[in-house]
Amino acid sequence: MGADDRRGRPSRPNKSFRREGAHERAMRRGRKYPGELVAVVFIDGVSTQGGRDRPVTCYGAFHVQMVDGDPVFTKHHICTTSAMDRINVISRLGDLCDGRHVVLGSPEAYETFWDRRHVLQAGLSLIDAFSGLDSVQPSDLSLVGTPESAIIELASTFGLRDSYHTDLMGQARCADVRAQLIWLAYVISKAWPTEATRLFAAFRAWEILERARPIWF
């Protein structure tokens, strides 16, 4: 084929251009933000604080649902130190996660490469806890492995209290706040910048209203 025969035909994109386009499309698919999700921090173990063993089962959860384009926030915080109540706490968490996208964070800090096992262990712990609940079927599961330094920075930026604790009871006490921080970290990684800005603004407004609520004694 001569040069005249090729004239007027659109040039085909080179391989590099096609690869970049495929990568961009993959990134767009990967950054799709769910219309409904539950950010969860799940704690299930034995506390040795105070010199005696005590079982602790707890979850902090942050339910975010898009309604007519706007996010509706609901927080949950359930904890027990009774082995008899353990299954009830897990069942309540299962009901909350059923049919919804679960965004799971670890109560343990992720500071080095080796600490990533905390994130994987959190996923296994939740799956094992749900394995005895036949009716529970989350729609998907995302594990959030955000470095603790970034979590601390998010807490400072949004006026949330510190959620870094090494002891089990400390982790249980702040599980609800950590679930909110896990959601904030997830939004940064998954939502487009304009969408993230809108979600963060809505969260700030919700936080102001939450702090203004009267405390009933």
Side-chain angles (χ1 to χ4, degrees), residues 17 19-42 59-77 93 96-111 113 115-116 118-119 122-123 126 138-165 171 173-214:
F17 184 87
R19 283 198 297 269
E20 289 176 4
H23 177 70
E24 182 179 353
R25 289 192 296 273
M27 287 293 290
R28 286 180 181 273
R29 287 195 298 269
R31 291 175 70 105
K32 184 177 181 181
Y33 180 83
E36 184 176 14
L37 61 79
V38 182
V40 174
V41 172
F42 177 61
Y59 69 84
F62 195 53
H63 179 205
V64 184
Q65 182 178 11
M66 302 301 293
V67 179
D68 296 330
D70 294 320
V72 176
F73 304 113
T74 311
K75 65 179 179 180
H76 305 263
H77 193 193
L93 178 58
L96 182 61
C97 294
D98 187 38
R100 297 186 173 109
H101 187 120
V102 176
V103 175
L104 183 66
S106 172
E108 300 275 356
Y110 165 40
E111 297 177 298
F113 169 81
D115 291 334
R116 191 171 286 272
H118 298 326
V119 183
L126 186 70
S139 62
D140 205 350
L141 174 65
S142 296
L143 300 180
V144 176
T146 302
E148 195 64 28
S149 58
I151 294 292
I152 292 171
E153 185 176 350
L154 281 171
S156 176
T157 299
F158 287 89
L160 298 174
R161 71 178 189 271
D162 182 22
S163 67
Y164 175 73
H165 292 276
Q171 293 171 2
R173 281 191 291 269
C174 68
D176 58 333
V177 174
R178 194 168 183 86
Q180 295 172 49
L181 292 168
I182 293 300
W183 174 75
L184 291 169
Y186 178 80
V187 169
I188 291 174
S189 66
K190 287 294 182 182
W192 289 106
T194 53
E195 185 179 27
T197 299
R198 184 168 57 87
L199 289 169
F200 290 159
F203 177 77
R204 287 183 185 276
W206 174 82
E207 266 291 298
I208 291 173
L209 292 175
E210 283 294 303
R211 292 176 185 176
R213 289 179 183 272

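All values derive from a computational prediction rather than experimental measurement.
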Min side-chain heavy-atom separation [X]-[Y] under 4.5 Å:
| X | Y | answer |
| --- | --- | --- |
| Thr157 | Arg204 | yes |
| Val102 | Leu126 | yes |
| Val40 | Cys97 | yes |
| Val103 | Ile182 | yes |
| Ser149 | Glu111 | no |
| Asp115 | Glu148 | no |
| Val119 | Leu104 | no |
| Val64 | Trp183 | yes |

Going by the angle between their ring planes, with limits at 30° and 60°, are Phe203 and Phe158 parallel, tilted or perpendicular? perpendicular

Taking the inter-plane angle between the rings of Tyr186 and His101 on a 0 to 90° scale, is it parallel (under 30°), tilted (30 to 60°) or perpendicular (over 60°)? tilted

Please report the shortest heavy-atom distance between [X] and [Y], naming the atom on each side.
| X | Y | value |
| --- | --- | --- |
| Gly105 | Ala122 | O-CB, 4.2 Å |
| Ala191 | Leu199 | CB-CD1, 4.5 Å |
| Ala175 | Val41 | O-CB, 4.0 Å |

Taking the six-membered ring for Trp and the full ring for Phe, Tyr or His, determine whether the centres of Trp192 and Tyr33 are under 6.0 Å apart. no

Taking [X] for its side chain and [Y] for its backbone only, find out whether a donor-acceptor pair lies under 3.5 Å.
| X | Y | answer |
| --- | --- | --- |
| Ser163 | Arg178 | no |
| Gln171 | His165 | yes |
| Arg100 | Leu96 | yes |

Could you give the distance from [atom1] ([X]) to [atom2] ([Y]), rounded to the nearest 0.5 Å?
| X | Y | atom1 | atom2 | result |
| --- | --- | --- | --- | --- |
| His77 | Phe62 | NE2 | CZ | 14.0 Å |
| Arg173 | Arg161 | CZ | CZ | 9.5 Å |
| Asp176 | Leu160 | CG | CG | 9.5 Å |
| Tyr110 | Ile151 | OH | CD1 | 11.5 Å |
| Leu37 | Lys190 | CG | NZ | 11.5 Å |
| His63 | His76 | NE2 | NE2 | 7.0 Å |

Does atom CD of Glu153 have more than 12 heavy-atom neighbours from other groups under 6.0 Å away? no

Could you walk me through whether Met66 and Glu36 satisfy the side chain to side chain contact (heavy atoms under 4.5 Å, CB included) test, starting with their C-alpha distance in whole Å, then the side-chain angles of each, then the deciding distance to 0.1 Å, before giving a yes or no? CA-CA 6 Å; Met66 302 301 293; Glu36 184 176 14; over 6 Å; no

Do you know which of Val144, Asp162, Thr146, Leu154 makes side-chain contact (heavy atoms from CB on, under 4.5 Å) with Leu181? Leu154

